[in-house]
Number of protein chains: 2
Amino acid sequence: MLTQALIRDRVSRFPTRCKNAGLKVTHQRTAVYGMLAASESHPSPEEVYSQIRQNLPTVSLATVYKILDLFHKYGFLRKVSTEGQVARYDANVDPHHHAICTQCGTIKDIFQESDARIALAQPEVSDFTITHCDVIYHGLCKGCQSRSRQKKG
Amino acid sequence: MLTQALIRDRVSRFPTRCKNAGLKVTHQRTAVYGMLAASESHPSPEEVYSQIRQNLPTVSLATVYKILDLFHKYGFLRKVSTEGQVARYDANVDPHHHAICTQCGTIKDIFQESDARIALAQPEVSDFTITHCDVIYHGLCKGCQSRSRQKKG
DNA sequence: GTGGCTGCAAAGCTTTTGCATGTTC
DNA sequence: GAACATGCAAAAGCTTTGCAGCCAC
């Protein structure tokens with residue numbers, strides 16, 4: 001669960017992490033990271049952009065793209081694997097899985113110890129050196145379930 | 001492993017599957033399915049297009065997109081979840097996982113019984129009705145490993 | 001002060017759409 | 001022959017790029 005304390009913790013570490021990586025701490029970067037650190041909805045670049053624009057009206061979408069890409073490269077963010085939808089980012093880089101709604105695209109974090117242990121173990125894959133693993137469950141979220149029930153009934 | 005017998009089997013079932021689904025059996029559809037059924041490389045739409053164009057020079061890329069989307073909807077094909085690269089398709093819809101090379105994008109099928117059993121089981125996810133699950137391993141393929149070793153050494 | 005970062009505008013790719021024409025059943 | 005599929009061209013995303021000016025350090 002995402003608590004206020006956890007958000008504060010992530011955000012407070014951000015400047016140091018940037019410095020350690022040799023990255024400058026700009027308003028735009030702080031805003032992007034802060035927005036994602038406080039979010040559980042796995043926002044798209046467009047969503048990050050329109051959110052941070054409220055406090056930083058001159059920011060550009062291209063910059064948001066550049067920042068997201070950079071943070072992903074440096075491991076500050078995780079990119080959720082989807083079947084071809086727009087990019088979605090997650091500031092929670094601790095091992096966990098995702099459930100994606102086939103209908104509305106909602107992404108929910110899944111923390112399941114039994115699954116995690118196996119899926120995050122590095123399997124014996126011939127000819128491949130595994131660095132990390134994504135587990136993505138596809139299905140219908142509660143909202144879309146009740147919506148489709150209404151249509152039928 | 002993809003044997004000639006398995007390819008023949010898939011291709012021979014194709015017309016019946018179309019009819020059962022109420023889909024017309026056209027040259028374009030047969031070519032797209034045949035190409036994917038005989039492939040282990042998880043081709044992109046563009047790759048399917050340029051391949052089948054050799055025997056069907058008038059086919060259009062838009063048609064390939066429409067066919068791939070249709071086949072995916074009807075469950076003839078699986079779409080591989082990627083972190084935002086181009087779409088990749090797989091005619092093997094039996095349960096299995098994928099390993100994707102971070103550097104060159106090569107996708108390899110993974111058949112691991114212990115993993116499969118767990119990842120394909122439907123977990124207890126509150127507020128979600130799970131229909132299927134993707135497990136994607138990320139890492140370096142053999143080729144890219146030796147290439148990066150050469151650079152260093 | 002300098003190197004790195006941002007904003008802008010433009011381009012690049014992938015994918016989708018609308019419609020007239022052609023094909024399957 | 002009717003319904004459905006295709007091909008074309010155009011548009012619609014999403015994402016990247018190049019470069020002049022700006023800002024963090």
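A note on names: the letters A, B, ... follow the listed sequences, proteins ahead of strands, and every chain is numbered from 1. FYI, side chains are in, hydrogens and waters are out, and symmetry mates aren't considered; it's all heavy atoms of this structure.
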Point-to-point distance, once rounded to the nearest 0.5 Å, from OG1 of A/T106 to CG of B/D127: 10.5 Å
Axis-to-axis angle for the helix from C/dG1-D/dC25 to C/dC25-D/dG1, ends of five pairs each, to 10°, equals 40°
Is it possible for you to check whether B/R17 lies under 6.0 Å from the centre of the six-membered ring of B/F76, through NZ or CZ, and within 45° of that ring's axis? yes
Can you give each donor-acceptor pair under 3.5 Å made by side-chain atoms of residues 54-63 of chain A, sequence neighbours left out, with the distance rounded to 0.1 Å?
{"residue": "A/S60", "atom": "OG", "partner": "A/T63", "partner atom": "N", "Å": "3.2"}
{"residue": "A/S60", "atom": "OG", "partner": "A/T63", "partner atom": "OG1", "Å": "3.0"}

Residues in residues 22-32 of chain A with a heavy atom under 4.0 Å of DNA chain D, by number, are A/K24, A/V25, A/H27
On DNA chain C, reading 5' to 3', which nucleotide is the first and which the last to sit with an atom under 4.0 Å from a heavy atom of chain A, could you check? C/dG3 to C/dA9
Name every residue in residues 72-82 of chain B that has at least one heavy atom under 4.0 Å from any atom of DNA chain D, in order of residue number, or write none if there are no such residues. none
Sequence neighbours excluded, the answer for side chain to side chain contact (heavy atoms under 4.5 Å, CB included) partners of A/T30 is A/F14, A/V25
If we only count heavy atoms from C-beta on, is the A/R10 to A/Y33 side-chain gap below 4.5 Å? yes
Distance, rounded to the nearest Å, where A/N20 contributes CG and D/dC25 contributes P: 13 Å
With ILVMFWY side chains joined below 4.5 Å, transitively, what does A/I7's cluster contain besides itself? A/L2, A/L6, A/V11
With the side chain counted from C-beta on, respond yes when A/F128 and B/K108 share a heavy-atom pair under 4.5 Å apart, and no when they do not. yes
Share the residues that join B/L140 in a hydrophobic cluster, the rule being Ile, Leu, Val, Met, Phe, Trp or Tyr side chains under 4.5 Å apart at the heavy-atom level. none
Nearest whole angstrom, please: distance from the P of D/dT15 to the CG of A/L68. 10 Å
What parts of residues 49-66 of chain A reach DNA chain C, counting only heavy atoms under 4.0 Å away? A/T58, A/V59, A/S60, A/A62, A/T63, A/K66
Apart from B/I136 itself, its cluster of hydrophobic side chains linked below 4.5 Å comprises A/V80, A/I100, A/I107, A/I136, B/V80, B/I100, B/I107
Within the distance-only criterion (no hydrogens, no angle test), does the side chain of A/Q85 pair as donor or acceptor with the backbone N or O of A/E83 below 3.5 angstrom? yes
Distance in angstrom units between A/I67 CD1 and D/dT17 P, rounded: 16 Å
Is there a donor-acceptor pair closer than 3.5 Å between any side-chain N or O of A/E47 and the backbone N or O of A/S44? yes
So is A/R29 actually on top of A/F71's ring, under 6.0 Å and inside 45° of the axis? no
Partners of A/K66 by side chain to side chain contact (heavy atoms under 4.5 Å, CB included), sequence neighbours excluded? none
Under the ring-ring contact (aromatic ring centres under 6.0 Å, His included) test, which residues partner A/H138, sequence neighbours left out? B/H132
Do B/H98 and B/D90 come within less than 4.5 Å of each other through their side chains, counting heavy atoms only? yes
